[in-house]
Q: 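Got a structure for you, written out below as structure tokens; questions coming shortly.
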Amino acid sequence: MSLLEWESANCYRIRRRGKMRVDAVVYLNNALKRSFGEEEALQQLADAAALPGVVEPVVGMPDIHTGFGLPIGGVMAVDAAGGVVSAGAVGMDINCGVRLLRTNLEAGSLDKPLLRKLLHAIVERVPTGVGKKSRQAALVRKNLPRYLVEGVPFLIEQGFGRPEDLECIEEGGAMRGADPAAVSPEAVERGAQLSTIGGGNHFIELGRVDRVFDAAAAAKLGLAEGQLTVLIHTGSRGFGHQICTDFSALMWKAAARLKLDIPTKGLAAVPISSAEGQRYLAAMACAVNFAFCNRQWITHDVRQAFSAVLGGDDRSYDLGLVYDVAHNIAKFEEVGGKRLLIHRKGATRALPPGHPNNPPLYRDLGHPALIPGSMGTASYVIVAGPKVEQTFYSVNHGAGRVLSRGAAKREIEVEELKESLGEILVLGRNYREYLDEAPQAYKDIEAVIDTFTEIGFTRRVARLQPLAVIKGQGKES
DNA sequence: ATGTGC
């Protein structure tokens, strides 16, 4: 029997029981609710609701699925003064996020051979796949402490981007409080992975704006129907992974020492005010800045790839930044007059119009949230309205898995994957490597987007249809 | 997600 009780349109409640200190809620529209099978993820929300200092409610996004500790598609806000911080509630890929570039090109003006050339030019510059290091590993190692502390402004100073990029990155591309001394030598070693996309669901995608839903908002974002776009999805690579691993173990021990009642290892947590908590936040900020720098470096490589293939210079095709937003991060924010530490794991911040934390350029509109679908389906650009305060200014981060990676590899055939990709160009060695990323392994992005649209939390702005995709190589199984 | 699992 499900823990979910109907609360209001597209909203279900998990009522406080057992060790839960507060209720949890989950947002699902009727289509998603009918086929919902994520009972384990619901239990993870309930577990999170038992942590000290947690603030009502723990929130599940429409793309929720089981993760390590907090489910992916989970939001856990805690009191900034008396609450705990949990590495597992941010996730392994700290500041995994999405960045969207616009171009001044009509997607229809590029034929398939030209798209293929662009993909090759990009992949020549951007290493893909698990464990891959930067092509400029020596430079990365030399400057790593400055990337970690100063973030994208430093990278741009070094020639990897344009000053105006900064206004279109969450946090201006530099989270404060980063301290490299909080980062283990093992993590520093893996820092050489800066400027690479990685594997799994990470990608670089050339797409086409196939539909504009809100002309005024799209115009503000510089998006128009038929336009070629570039979408980049990656995070902090092995660097952030190592930090999560290190601190999750450290927090578990510290919590035992402090006699905190923590429900599961994945939710290992310590008081924000503790030495361990402060150290995690300082290390996490390093990984946040690492990931912002990663997407910035890749942007630079993409710009160079375009001019290498099409001629002209770095600015000939615009390739300006629409926005860059994280979906695995913990941040201090004020909601409803209370200062909170909001853990978002597989959840995208979406600030409403007029919110002071929007960048000036998007103050009146509210910054866009970028929601990728799967490798064969559309992605969305959306903006939030005032009601999104109920989710601590958070929306979903993607379509959400419906099959685990293992199940997808067992159950989906290569031919089915190929068929669902249709005309989309995919650069990679072997389709077998992407079975766990097949569209069939994901929920219907339309139903996921509908969930918040139907109840007025968000508005669709534009839909991006994939044309050509670079995926990080995975493992055949 | 990940130099990929107890």
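The structure presented is a predicted model; accordingly, all values stated were derived computationally and were not measured. Chain A is the first sequence line, chain B the second, and so forth, proteins listed ahead of strands; every chain is numbered from 1.
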Q: Expressed as a whole number of angstroms, how long is the span from A:H233:NE2 to B:dT2:P?
A: 10 Å
Q: How many Å lie between NZ on A:K409 and P on B:dG5, as a whole number?
A: 12 Å
Q: Show me the donor-acceptor pairs within less than 3.5 Å that the side chains of residues 243-254 of chain A make with the rest of the protein, sequence neighbours left out.
A:
from	atom 1	to	atom 2	distance (Å)
A:T245	OG1	A:H241	O	2.8
A:D246	OD1	A:Q242	NE2	2.9
A:D246	OD2	A:S184	OG	2.6

Q: Give a yes/no verdict on a cation-pi contact between A:R99 and A:Y323, requiring under 6.0 Å between NZ or CZ and the six-membered ring centre and an angle within 45° of the axis.
A: no
Q: Which donor-acceptor pairs under 3.5 Å do side chains of residues 280-291 of chain A form with protein atoms, sequence neighbours excluded?
A:
from	atom 1	to	atom 2	distance (Å)
A:N289	OD1	A:M175	N	2.6
A:N289	ND2	A:L148	O	2.8
A:N289	ND2	A:M175	O	3.1
A:N289	ND2	A:A285	O	3.4

Q: Hey, what's the ring geometry for A:W297 with A:F160, parallel, tilted or perpendicular (30° and 60° as the breaks)?
A: tilted
Q: Round to the nearest Å and state the distance from A:N95 atom CG to B:dT2 atom C1'.
A: 17 Å
Q: Take atom CG of A:N294 and atom C1' of B:dT2, then tell me their distance rounded to the nearest Å.
A: 14 Å
Q: What does A:Q193 touch in the nucleic acid at a heavy-atom separation under 4.0 angstrom: a base, only the sugar-phosphate, or nothing?
A: sugar-phosphate
Q: Rounding to a whole Å, what distance do you find between A:I72:CD1 and B:dT2:C1'?
A: 12 Å
Q: Whole Å only: how far is the CG atom of A:D436 from the C1' atom of B:dT4?
A: 11 Å
Q: Atom CZ of A:R237 to atom C1' of B:dT2: distance rounded to whole Å?
A: 8 Å
Q: Could you check how far NE2 of A:H202 sits from C1' of B:dT2, rounded to whole Å?
A: 10 Å
